[in-house]
Number of protein chains: 2
Amino acid sequence: MTNMISNGSGGTTPCQACPLNSNGHFRELTGKQIQFVSRFKVGELNLERGASILVEGDHSAYMFTLLRGWAFRYKALPDDRRQVLNYALPGDLLGLQNSLMSEMQHSVEALTSVTLCVFEKNRVEEIFRNHPNLAFDTTWIAAREERILDEHLLSIGRRSAIERAAYLLAFLSWRVMRVEQRKSGKVVLPFTQTHVADTLGLSMVHTNKTLKKLAVRDLIKWRDGGCEVRDLSGLMEVAKWSDEAEERRPFI
Amino acid sequence: MTNMISNGSGGTTPCQACPLNSNGHFRELTGKQIQFVSRFKVGELNLERGASILVEGDHSAYMFTLLRGWAFRYKALPDDRRQVLNYALPGDLLGLQNSLMSEMQHSVEALTSVTLCVFEKNRVEEIFRNHPNLAFDTTWIAAREERILDEHLLSIGRRSAIERAAYLLAFLSWRVMRVEQRKSGKVVLPFTQTHVADTLGLSMVHTNKTLKKLAVRDLIKWRDGGCEVRDLSGLMEVAKWSDEAEERRPFI
DNA sequence: CGGGCCCTTGAATTCTCTCAAACAATGTGG
DNA sequence: CCACATTGTTTGAGAGAATTCAAGGGCCCG
């Protein structure tokens with residue numbers, strides 16, 4: 001467990017030079033806000049694929065912003081059945097629950113190697129006390145997660161297997177394009193079919209057969225590192241999903 | 001459409017005498033907070049069972065707190081398949097999304113006749129500017145909704161039909177006991193089996209057969225107005241769910 | 001070379017859906 | 001008061017979807 005929290009030392013990204021702040025997708029923080037956030041940030045955490053970021057039942061002292069890589073949130077039943085709740089991409093906040101309530105009720109795991117900005121949860125009240133705009137943004141971020149979960153719930157509850165799969169892949173691909181400010185090009189989603197199965201609420205076997213159907217239509221192609229999305233609008237059509245126009249969104 | 005918004009006139013509950021504030025379940029607002037909320041509240045809305053409170057795609061000018069009755073949030077696909085996302089009980093906030101973002105991405109409907117406190121969404125920023133504690137509470141409320149959705153997602157994705165049904169009924173029954181500060185006694189959930197089906201992501205027919213299994217075990221009894229929960233801990237056992245200790249929670 | 005991880009495929013079983021019909025309770029208009 | 005429509009619950013049967021079980025293949029790494 002070396003390199004857990006590197007504070008101020010080499011390799012740490014100063015908030016003033018935050019790559020997310022200037023990439024055009026996120027709302028730019030004001031100078032005063034950056035100043036606050038850079039004091040709020042107590043360090044940076046680098047983890048390998050498969051590492052636990054937060055664990056259900058924890059009372060971790062930290063909250064994170066994902067700076068680089070992918071992570072996913074999940075819950076499990078006592079007998080190990082697992083449900084992936086959502087994926088986190090750069091700019092996403094992890095563990096806000098942990099900061100507002102007593103304990104985590106879900107787990108978060110690194111899907112690729114990741115870099116996390118580390119914040120201390122007991123200082124979250126400073127945001128509300130001194131930075132009303134950031135407080136608003138925090139609520140906005142929570143409401144956005146809620147919207148994503150709403151749509152996912154609709155998907156699992158009412159879409160057929162192939163629609164569900166198409167929706168998941170389309171939605172993630174769309175998020176990648178957004179956060180990377182791309183208009184075209186291939187997106188590769190870095191997960192295994194087991195992750196997809198646990199997200200869709202289907203078995204591995206049936207997920208595999210469903211993905212095959214999408215591959216036959218040349219909408220996706222499965223390969224070593226994960227899923228290559230070849231036809232985003234084709235997927236959206238299968239899923240009966242249309243994306244929303246999205247303005248620049250806040251982050252912390 | 002009479003009696004839509006009665007402002008200040010007869011029948012409106014003054015915030016100073018808010019029944020939720022003193023019932024022991026919710027955190028009590030301070031005098032200053034009550035003063036703010038009572039100015040924030042622009043009226044009261046009474047609706048019949050089945051009425052729409054908010055509609056997907058709307059840019060409603062209002063946000064609500066449910067003061068009396070039941071409501072439910074839902075989303076629908078273009079071909080009318082419907083998924084119930086969550087239920088609202090007294091003290092729950094409806095339409096926060098509407099206040100933070102441009103438009104509603106889900107609908108809300110009255111499940112019983114309801115009374116709603118009406119707030120103007122364009123004054124939400126006042127909360128963040130002048131009332132940091134209420135701002136914190138707003139975020140807390142959004143995070144709570146997220147937790148409920150997380151558990152529901154786990155349920156639909158990974159629990160069997162009978163576990164799912166048991167979880168839903170147990171959870172709602174538990175919420176009623178909490179909000180009414182009861183330790184015992186029967187809870188009656190005021191919905192139809194169609195609502196249950198749309199919540200569980202199952203067909204009506206299969207939902208009926210699944211509920212029958214719970215009724216045979218004497219865990220519930222279905223009757224005219226809805227579902228009577230006869231054995232909460234029995235349901236919790238079937239669902240493999242254990243409730244959390246919950247402190248007094250905020251509301252607005 | 002062997003082991004682990006991931007993807008793939010077939011077959012039998014179980015679950016869930018649709019279709020169809022019937023029943024009970026309620027309310028309405030004649 | 002009855003005939004009729006409406007809404008919600010119940011049941012059976014056949015079709016379709018998804019699961020489990022089982023086995024094999026590809027690939028990488030120690």
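This structure is a prediction, so every number in the text was calculated from the model and none was measured. In what follows, chains are A, B, ... by sequence order, proteins preceding strands, each numbered from 1.
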Trainee: Side chains of A:Asn208 and A:Gln193 only: does a donor on one sit below 3.5 Å from an acceptor on the other?
Mentor: yes
Trainee: Just to be sure I understand the geometry, which residues of residues 199-209 of chain B put a non-hydrogen atom under 4.0 Å away from DNA chain C?
Mentor: B:Gly201, B:Leu202, B:Ser203, B:Val205, B:His206
Trainee: Take the protein atom CG of B:Leu214 and the nucleotide atom P of D:dT9, then report the distance between them rounded to whole Å.
Mentor: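 Spelled out: CG on B:Leu214 to P on D:dT9 is 15 Å.
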Trainee: Taking everything shown except A:Arg68 itself, do over 12 heavy atoms lie less than 6.0 Å from its CZ?
Mentor: yes
Trainee: Expressed in angstrom and rounded to an integer, what is the separation of A:Leu211 atom CG from C:dC7 atom P?
Mentor: 9 Å
Trainee: Quick one: which of A:Arg81, A:Lys75, A:Arg82, A:Arg73 gives a salt bridge (Lys or Arg N to Asp or Glu O under 4.0 Å) with A:Asp198?
Mentor: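 Single salt bridge (Lys or Arg N to Asp or Glu O under 4.0 Å) partner of A:Asp198 among A:Arg81, A:Lys75, A:Arg82, A:Arg73: A:Arg82.
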Trainee: Can you tell me the distance, in whole Å, between the NZ atom of B:Lys213 and the P atom of D:dT9?
Mentor: 19 Å
Trainee: Can you tell me the distance, in whole Å, between the CG atom of A:Asp224 and the P atom of C:dC5?
Mentor: 18 Å
Trainee: Can you confirm whether the side chains of A:Glu145 and A:Asn86 place a donor and an acceptor under 3.5 Å from each other?
Mentor: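 Per modelled atom types, A:Glu145 and A:Asn86 side chains form a pair under 3.5 Å.
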Trainee: Checking all strands, does B:Arg49 fall into the base, sugar-phosphate, or nothing category for heavy-atom contacts under 4.0 angstrom?
Mentor: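 Since only primed, P, OP1 and OP2 atoms lie under 4.0 Å of B:Arg49, the category is sugar-phosphate.
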Trainee: Rounding to an integer number of Å, can you tell me how far B:Ile156 CD1 sits from D:dA18 C1'?
Mentor: 17 Å
Trainee: What is the distance, rounded to the nearest whole Å, between atom CD of A:Gln193 and atom C1' of C:dT8?
Mentor: 8 Å
Trainee: Tell me which nucleotide among C:dT9, C:dC6, D:dA18 gets nearest to the side chain of A:Thr192.
Mentor: C:dC6
Trainee: Parallel, tilted or perpendicular: which describes the rings of B:Trp241 and B:Tyr167, with under 30° parallel and over 60° perpendicular?
Mentor: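 It falls in the perpendicular class, over 60°.
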Trainee: Looking only at side-chain atoms of B:Lys212, point me to the closest of C:dT8, C:dT16, D:dT11.
Mentor: D:dT11
Trainee: Ignoring hydrogens and angles, state whether a donor on the side chain of B:His195 or B:Thr192 is under 3.5 Å from an acceptor on the partner side chain.
Mentor: yes
